[in-house]
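One structure is given here, and the rest of the page talks about it.
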Amino acid sequence: MTGTDILTGIAMVLVIEGLVYALAPSLVERLLEAMREMPPEARRTLGLVTLVTGVTLLWIAKA
């Protein structure tokens, strides 16, 4: 993995997040409110599942 790969990945995340904020700002507000209502343990679990999913997808893409 090179610095260019990392920069490309970060850029892709920013593009996708930017699209979500531009196309559905009210959805983002509802999602943030739902996250506030979740207990910290559930948010931590969600974050870990997201992390593992991302690492798995990267591993599959590099294979």
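The residues of the chain are indexed from 1 along the displayed sequence.
Hydrophobic clustering of Ile, Leu, Val, Met, Phe, Trp and Tyr side chains at less than 4.5 Å, counting indirect connections, unites Ile6 with Leu14.
With rounding to the nearest 0.5 Å, the separation of CG in Leu27 from CG in Leu32 is 9.5 Å. Note that CG of Leu48 is 10.5 Å distant from OG1 of Thr53, once rounded to the nearest 0.5 Å.
Considering every non-hydrogen atom in both Arg43 and Met35, the closest pair reads NH1-O, 3.2 Å. Across all non-hydrogen atoms, the minimal contact from Ala22 to Pro25 is O-CD, 4.1 Å.
Residues satisfying the side chain to side chain donor-acceptor pair (under 3.5 Å) criterion with Glu33, sequence neighbours excluded, are Arg36.
By the 4.5 Å heavy-atom criterion applied to side chains, Asp5 and Thr2 are counted as neighbours.
Val52 pairs with exactly one of Thr56, Val49, Thr50, Val55 by the side-chain contact (heavy atoms from CB on, under 4.5 Å) rule, that one being Thr56.
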